[in-house]
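Here is the structure we will look at.
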Amino acid sequence: MSRPIIIDCDPGIDDALAIMLAIASNELDIKLITTCAGNQRIEKITLNTLKLLSFVDKEIEVAKGADKPLFKDLILSEAAHGKSGFGEVELEELKFSVSDRSAIEAMKDTILNSEQKITIVAIGPLTNIALLIKSYPEVIKNINQLSIMGGACTGGNCTPVAEFNIYVDPDAAKIVFDSGIPITMFGLDVTHQIPMYKEDIDRIRYIGNKTGQFAAKMLDFYFKEDKIEGMHDPCPVAYLIDPSLFTIIPCNVEIETKGEFTRGQTVVDKLNQTGKPQNVKVALEVEREKILDMLYNAIKKLK
Ligand code: RIB
Ligand code: CA
């Protein structure tokens with residue numbers, strides 16, 4: 001039986017690849033896609049999601065979510081994802097329209113009406129997830145787990161200690177990480193183990209379908225100097241398809257929300273020094289070749 005999932009995202013180049021991977025997977029059943037401001041503003045993010053689904057010709061409800069973090073000002077990631085949010089690629093065709101339900105309402109209804117517990121793939125800032133569990137705490141019992149791209153054991157890509165998705169809305173991340181919902185976290189430590197080189201992009205470019213060409217064009221924008229530094233958002237999806245690709249350990253993870261220099265840091269207690277509850281399963285290693293093969297084969301299955 002396939003696993004019912006909701007994808008909460010901010011497409012975004014790597015978000016688009018994660019969505020392609022999920023659509024192509026026989027193991028996953030995407031019940032809903034919700035959008036959150038992050039890489040771009042919410043209108044652009046939501047339009048990108050609808051255009052991506054139009055491009056791969058897959059109709060899935062898309063519900064528009066938060067246009068800004070809970071308390072902080074919105075920060076975009078235009079340098080990394082370009083003005084279009086898909087690098088320099090602008091998709092034209094629009095076959096589907098946005099849901100008349102808000103992201104929070106659509107998630108609440110989908111989760112409470114599901115016979116199987118729902119898994120949420122969170123690959124943008126966690127604002128929608130925090131609003132969901134604060135507004136409707138009754139959903140928690142019917143959530144199997146959160147598979148999250150965010151944070152890092154060490155380092156950051158927004159500041160020296162903070163990763164973008166957590167940095168944009170650290171208050172939301174704290175609510176989510178303190179919620180008690182089972183979380184599997186894919187941070188920069190593991191996503192940076194998946195650099196992509198020219199040959200990896202060309203392999204996708206020459207698959208021979210339009211999705212391969214679109215994906216390669218987006219990846220060309222992501223490419224800096226001699227490589228793409230890491231493949232982020234496909235990780236929480238790949239884990240749900242084949243957990244054996246990852247090495248994972250339970251840790252206590254706290255979110256720094258008040259630090260003058262450390263806002264958005266995920267404080268990962270790998271050595272259990274605090275003795276605090278190990279609330280998160282943290283991915284530490286990944287089999288790079290296998291996850292790139294998984295992504296290649298998924299794109300090959302699409303149009
Ligand atoms: O730090 C990487 C994360 O930030 C990814 O989700 C990417 O899409 C950006 O949102
Ligand atoms: Ca993202």
Side-chain angles (χ1 to χ4, degrees), residues 5-22 33-42 44-49 52 62 65-69 72 74-87 89 103 120-129 146-170 172-173 176 183-196 215 218-219 221-224 228-239 255 263-266 268 282-283 286 291 295:
I5 68 170
I6 292 172
I7 299 177
D8 187 67
C9 56
D10 61 337
I13 294 170
D14 55 332
D15 301 73
L17 297 174
I19 291 168
M20 289 176 191
L21 183 58
I33 296 179
T34 51
T35 60
C36 178
N39 286 324
Q40 267 295 347
R41 298 194 179 289
I42 190 62
K44 188 71 190 158
I45 293 287
T46 306
L47 186 60
N48 280 352
T49 306
L52 175 67
V62 175
D67 61 1
K68 68 175 291 297
K72 308 282 190 200
L74 178 60
I75 296 165
L76 302 180
S77 180
E78 206 151 85
H81 297 264
K83 288 196 179 313
S84 77
F86 286 151
V89 183
I120 298 176
V121 174
I123 50 179
L126 293 170
T127 314
N128 289 338
I129 316 297
L146 298 174
S147 191
I148 292 176
M149 191 281 136
C153 299
T154 55
N157 59 4
C158 243
T159 74
V161 296
E163 177 278 329
F164 180 79
N165 287 341
I166 307 299
Y167 183 77
V168 168
D169 198 341
V176 172
I183 292 174
T184 310
M185 172 183 135
F186 300 85
L188 298 177
D189 323 87
V190 75
T191 66
H192 282 169
Q193 292 175 33
I194 315 165
M196 289 184 79
M218 288 197 296
L219 289 167
F221 186 86
Y222 233 11
F223 196 85
K224 304 291 183 222
I228 292 171
E229 67 171 347
M231 193 35 61
H232 308 296
D233 291 346
C235 283
V237 174
Y239 168 72
I255 309 295
R263 159 190 163 167
Q265 181 175 8
T266 47
V268 181
V282 177
V286 62
I291 200 166
L295 186 58

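Predicted model, so just to flag it, every value in this text is computed and none were measured. Start at 1 and go down the list; that is how both ligands and their atoms are numbered.
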How many angstroms lie between [atom1] in [X] and [atom2] in [Y], if you round to the nearest 0.5 Å?
| X | Y | atom1 | atom2 | result |
| --- | --- | --- | --- | --- |
| Asp8 | Ile129 | CG | CD1 | 4.0 Å |
| Ile7 | Ser147 | CD1 | OG | 10.5 Å |
| Ile120 | Thr34 | CD1 | OG1 | 7.5 Å |
| Thr49 | Ile33 | OG1 | CD1 | 6.5 Å |
| Glu229 | Tyr222 | CD | OH | 8.0 Å |
| Asn39 | Asp233 | CG | CG | 7.5 Å |

For [X], take its heavy atoms, then give the atoms of ligand 1 lying under 4.0 Å from any of them.
| X | value |
| --- | --- |
| Asp15 | 8 (O) |
| Met149 | 2 (C), 3 (C), 5 (C), 6 (O) |
| Asp14 | 5 (C), 6 (O), 7 (C), 8 (O) |
| Asn165 | 3 (C), 4 (O), 5 (C), 6 (O), 9 (C), 10 (O) |
| Glu163 | 1 (O), 2 (C), 3 (C), 4 (O) |

Starting from atom 6 (O) of ligand 1, locate the nearest protein heavy atom and write down its residue, its atom name and how far away it is, to 0.1 Å.
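I find the closest protein heavy atom is Asp233 OD1, 2.6 Å.
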
Nearest neighbour in protein (non-hydrogen) for atom 9 (C) of ligand 1
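Nearest protein contact, heavy atoms only, for atom 9 (C) of ligand 1 is Asn39 OD1, 3.2 Å.
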
So Glu163 and His232, do their side chains get closer than 4.5 Å, heavy atoms only?
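They are not in contact (no side-chain heavy atoms under 4.5 Å apart), so the answer is no.
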
Option passing side-chain contact (heavy atoms from CB on, under 4.5 Å) with Thr35 (candidates Asn128, Ile45, Asp15)
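By the side-chain contact (heavy atoms from CB on, under 4.5 Å) criterion, Thr35 pairs with just one of Asn128, Ile45, Asp15: Ile45.
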
Short N or O distance, [X] and ligand 1, threshold 3.5 Å exclusive:
| X | answer |
| --- | --- |
| Tyr222 | no |
| His232 | no |
| Gly124 | no |

Donor-acceptor pair, side chain of Lys44 and main chain of Asn48, under 3.5 angstrom
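Absent.
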
I want to check a possible cation-pi pair here: Lys224 against Phe221, using under 6.0 Å from ring centre and within 45° of the ring axis as the test.
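Lys224 over Phe221 ring: yes.
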
Counting no waters, what protein N/O/S atoms lie under 3.0 Å from the Ca ion (ligand 2)?
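Asp10 OD1, Asp15 OD1, Asp15 OD2, Ile123 O, Asp233 OD2, with waters left out.
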
